[in-house]
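One structure is given here, and the rest of the page talks about it.
Labels below follow one simple rule: chain letters A, B, ... track the order of the sequence lines, proteins then strands, and each chain is numbered from 1. Since the structure is predicted, the reported quantities are computational estimates derived from the model, not experimental observations.
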Number of protein chains: 2
Amino acid sequence: MSSVASSSPGDGPGGSRGSGKPKGAPRGRVDKREAILRAAFAVFSRRGYAQACVQEIAEEAGVAKPTVYNHLNDKESLFRHAVEAEADALLAEVLAAVEQLRDRPRDEDPRDALTDLAQRLAGSWCGERARALRRLAYAQVAQFPDLAESVQDRVAQRPAAALADRLARLSLAGRLRPCDPELAAEHFFALLTGPLESRSRLGTRRVPAAELRATAEAAVDVFLRAYASHGDSADSADSGGGRGGGG
Amino acid sequence: MSSVASSSPGDGPGGSRGSGKPKGAPRGRVDKREAILRAAFAVFSRRGYAQACVQEIAEEAGVAKPTVYNHLNDKESLFRHAVEAEADALLAEVLAAVEQLRDRPRDEDPRDALTDLAQRLAGSWCGERARALRRLAYAQVAQFPDLAESVQDRVAQRPAAALADRLARLSLAGRLRPCDPELAAEHFFALLTGPLESRSRLGTRRVPAAELRATAEAAVDVFLRAYASHGDSADSADSGGGRGGGG
DNA sequence: ACTAGAATGAACTCGTGAGTTCAGTTGCGT
DNA sequence: ACGCAACTGAACTCACGAGTTCATTCTAGT
C-alpha cells in the first residue's frame, strides 16, 4: 500500500545510519514522522502549498522545526509524502465501498447495491480529506505533475477500475445490459461526482445530507436508465427527485 | 482567436531605450491594461498564484513593473481581474455553443444537436484557458473563495442553466421525456466533463481529438438512453464505443 | 515648440520564510 | 552511570519578491 518510493535521500532518521541495529524500526523516539505528515497535510490543506510554512507544520505536529527537517528533506518532500499518504488512505476507503458490491445477494436489485455505493462514495467525495486532496493536487499540477497524476490515479482511475470489475459481473449476470464496464464505471462516477462538485461550488458550500442523498439517487437513477438490462427495473416515472423522492 | 499574449509587442527591456532611436517599439500608451491582464493570466496559469511574480508579468506584457502597479493596485487585484476577464470570455464561448441549440430544425433528431454541442463543449473544456481557469480557481479557493464561486458560476452554473432552458423546450416538444431540466443539464455536463477530466488526468495528458470525440458521443449516448422520450432514438445496440465505434 | 502626464529602468525598502547551526536536553539501551 | 542519538529552542543566513521611489524619456494635445 505504501506508495512513494520510500527511500528518498534523507528519508528517515536511522535509515542506514551507523552499524546495523537489530531494531527493526529505524525511527528513534516515537512516531514523530506520522505526526509530522498528518500535521503537514492539515496545514497544506488549509493554507495551500506556497502559503503553508514549515514552522506552522512543526507547531501543529508538536515538534521543533529541525525535527521536521530531520525526517524529511525539504518542503517539497514533506508535501509529496503527506499528500500521497492521504491519497492512499482515501483510496482504501473508496475501494472498501466498491468492494462491498461483492457480497451482495446475487438476485438483489442492482439499484439497491448501487444506491448504497453511491451514498458512501458521495460521503467520501465531499469529505474534508477528499476535497483537500483534489484541491492540492489540482493546484500544484504545474509544479508537481507526477504527484497530481498519482493522486488522480488513486482517487479516480483505480476506483473506477475496481467498479468496472463489479459492473462486468453484473453485466455478465444479466443485471446490466451488455456494455463496456470501464466506460460504465466512468459514467457512474461522473454522474455522481459532477453534480456534487457543482452543488458544493468547489467546496465553498456545505451540501446538506438530504441533498447529498438525493444527488446520489438521481445519479443511480440515470445510470440505471442507461445501463440496466431491459428486464430489470430501469424505470421510475419521474426523474426529478429520484425514486420516491417526491419532494 | 486570441490565444495568449502576442509574443513580445515591441521587444522587451533594453531595446528601445538607447540614446537615439524612437524606432520600432511604440511604447506609447495604448491599451496597456489589457496587455497586462492577458499577460497576468498567462503567467498565473503557468506558475500559479504564489509562484508568479509581478516582474515576470510586466515583462510578458512588455511593460515596466511600475506601470503594472499604475493600472492595478496589487498582485491580488491583478489576479482577480485577470481571472474574471478570462472567465467571462469562456462563459461567452460556452453560452454560444449552448445557444446554438436554439436554431436547430424542430423535427431534427436531438441526438445530432446534442452531439454537436458535446463536441464543442469538450473542445472548450479541454482548452488551455478553461483548464487554467479551473486550476487557478480551485487552487485559491481558500484564499479567494468569492473568486472561486464567481468562476464556478460562469464556468458551470450559468452554462448549466442555459442548457436547462434548451432541454426544457426539447422536453416540452416531446423529444425528451418529462424531466427536471436543471437536473438533466447537470447530468449532461457531468457525463461529458467527468470523463474528460479523468482522461486528461487533471490536464497532465493531452487527449487526442478522436478520444475527445468518442467521449462526447458516449456522453450523449448515455444521456439519451436516460432522457430520450420513448418514441425517440435512445437505443444504439452497443454502448462500448459509442455510435459507429470511433477508431 | 511646449507642457503634462503616462511610461520606463534601476535601485531601493522591507517582510517573509526556507533551511541551517549549535549548544543544550531528554530518554533509551547497556 | 554512561553514552548515543533523537529532540529542542533560538538565533542565524540567505534568497526572493511585493511594492515604492526617482530621475528621465517618450507621446499626445494644443
Side-chain angles (χ1 to χ4, degrees), chain A residues 8-36 39-40 43-44 47-80 82 140 143, chain B residues 8-36 39-40 43-44 47-82 143:
Chain A
S8 312
D11 209 9
S16 50
R17 232 348 188 256
S19 42
K21 287 228 168 164
K23 263 302 189 51
R27 48 183 94 85
R29 271 254 192 84
V30 262
D31 297 13
K32 306 265 177 190
R33 189 173 212 261
E34 280 178 24
I36 291 172
V43 173
F44 281 132
R47 295 254 194 272
Y49 177 72
Q51 286 74 32
C53 71
V54 177
Q55 181 62 51
E56 187 179 356
I57 292 173
E59 277 161 17
E60 177 121 354
V63 136
K65 192 160 69 142
T67 303
V68 172
Y69 285 102
N70 195 20
H71 284 272
L72 295 145
N73 272 340
D74 50 19
K75 197 183 178 183
E76 175 176 336
S77 90
L78 201 49
F79 184 69
R80 304 188 96 104
Q140 304 301 321
Q143 217 170 343
Chain B
S8 327
D11 49 337
S16 65
R17 186 70 184 77
S19 40
K21 286 308 180 177
K23 56 133 191 190
R27 100 160 92 116
R29 60 170 97 284
V30 270
D31 26 9
K32 307 261 175 190
R33 198 191 153 95
E34 279 177 26
I36 289 172
V43 173
F44 281 132
R47 295 255 194 270
Y49 178 71
Q51 286 74 32
C53 72
V54 177
Q55 181 63 51
E56 187 179 356
I57 292 174
E59 277 161 17
E60 178 121 355
V63 137
K65 190 160 67 140
T67 303
V68 171
Y69 284 103
N70 194 21
H71 283 270
L72 294 145
N73 275 338
D74 50 17
K75 195 182 180 184
E76 175 176 335
S77 88
L78 201 50
F79 184 68
R80 304 188 96 104
H81 282 86
Q143 216 169 345

Expressed as a whole number of angstroms, how long is the span from [X]:[atom1] to [N]:[atom2]?
{"X": "B/Phe44", "N": "D/dA18", "atom1": "CZ", "atom2": "C1'", "answer": "12 Å"}
{"X": "A/Asn73", "N": "C/dA18", "atom1": "CG", "atom2": "P", "answer": "15 Å"}
{"X": "A/Ile36", "N": "C/dG19", "atom1": "CD1", "atom2": "P", "answer": "14 Å"}
{"X": "A/Gln55", "N": "C/dG17", "atom1": "CD", "atom2": "P", "answer": "10 Å"}
{"X": "A/Asp74", "N": "D/dA15", "atom1": "CG", "atom2": "P", "answer": "17 Å"}
{"X": "A/Leu78", "N": "C/dG17", "atom1": "CG", "atom2": "P", "answer": "15 Å"}
{"X": "B/Asp31", "N": "D/dT27", "atom1": "CG", "atom2": "C1'", "answer": "15 Å"}
{"X": "A/Tyr69", "N": "C/dA18", "atom1": "OH", "atom2": "P", "answer": "6 Å"}

Within the pair [X] and [N], is there a side-chain N or O less than 4.0 Å away from OP1 or OP2?
{"X": "A/Lys32", "N": "D/dT8", "result": "yes"}
{"X": "A/Thr67", "N": "D/dC7", "result": "no"}
{"X": "B/His71", "N": "C/dA7", "result": "yes"}

Margin query: Once hydrogens and angles are ignored, does a donor-acceptor distance under 3.5 Å link the base of D/dG9 to the side chain of A/Lys65?
Written below: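 Per atom types, no contact qualifies.
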Check: Reckon A/Ala52 touches a base, only the sugar-phosphate, or nothing at all at heavy-atom distances under 4.0 Å?
Finding: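 Contact class for A/Ala52: sugar-phosphate only.
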Margin query: Taking any heavy-atom pair under 4.0 Å as a contact, classify B/Ala50: base, sugar-phosphate, or nothing.
Written below: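 No contact at all - B/Ala50 keeps every heavy atom at 4.0 Å or more from the nucleic acid.
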Item checked: Check: A/Lys75 side chain, A/Tyr49 main-chain N or O, donor-acceptor pair, under 3.5 Å -> yes
Counting side-chain heavy atoms from CB outward, which of [options] is closest to [X]?
{"X": "A/Cys53", "options": "C/dG17, D/dC7, C/dA6", "answer": "C/dG17"}
{"X": "A/Pro66", "options": "D/dA10, C/dG19, D/dG19", "answer": "D/dA10"}
{"X": "A/Asn70", "options": "C/dG9, D/dG19, D/dC7", "answer": "D/dC7"}
{"X": "A/Lys75", "options": "C/dA7, C/dA18, C/dT8", "answer": "C/dA18"}

Check: Tell me, do A/Leu78 and A/Ile36 make a side-chain contact under 4.5 Å, heavy atoms counted?
Finding: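 The answer is yes, as the side chains (C-beta and beyond) meet within the 4.5 Å cut-off.
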Check: Are B/Glu59 and B/Lys65 within salt-bridge range, i.e. N to O under 4.0 Å?
Finding: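 No, B/Glu59 and B/Lys65 are not salt-bridged.
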Note to self: Ring-plane angle category for A/Phe44 and A/Phe79, please: parallel below 30°, perpendicular beyond 60°, tilted otherwise.
What the structure shows: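 Aromatic pair A/Phe44/A/Phe79 classed perpendicular.
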Notebook entry, point to check: What is the minimum heavy-atom distance between A/Leu72 and A/Ser77, and which atoms define it?
Noted result: CB-OG, 3.7 Å
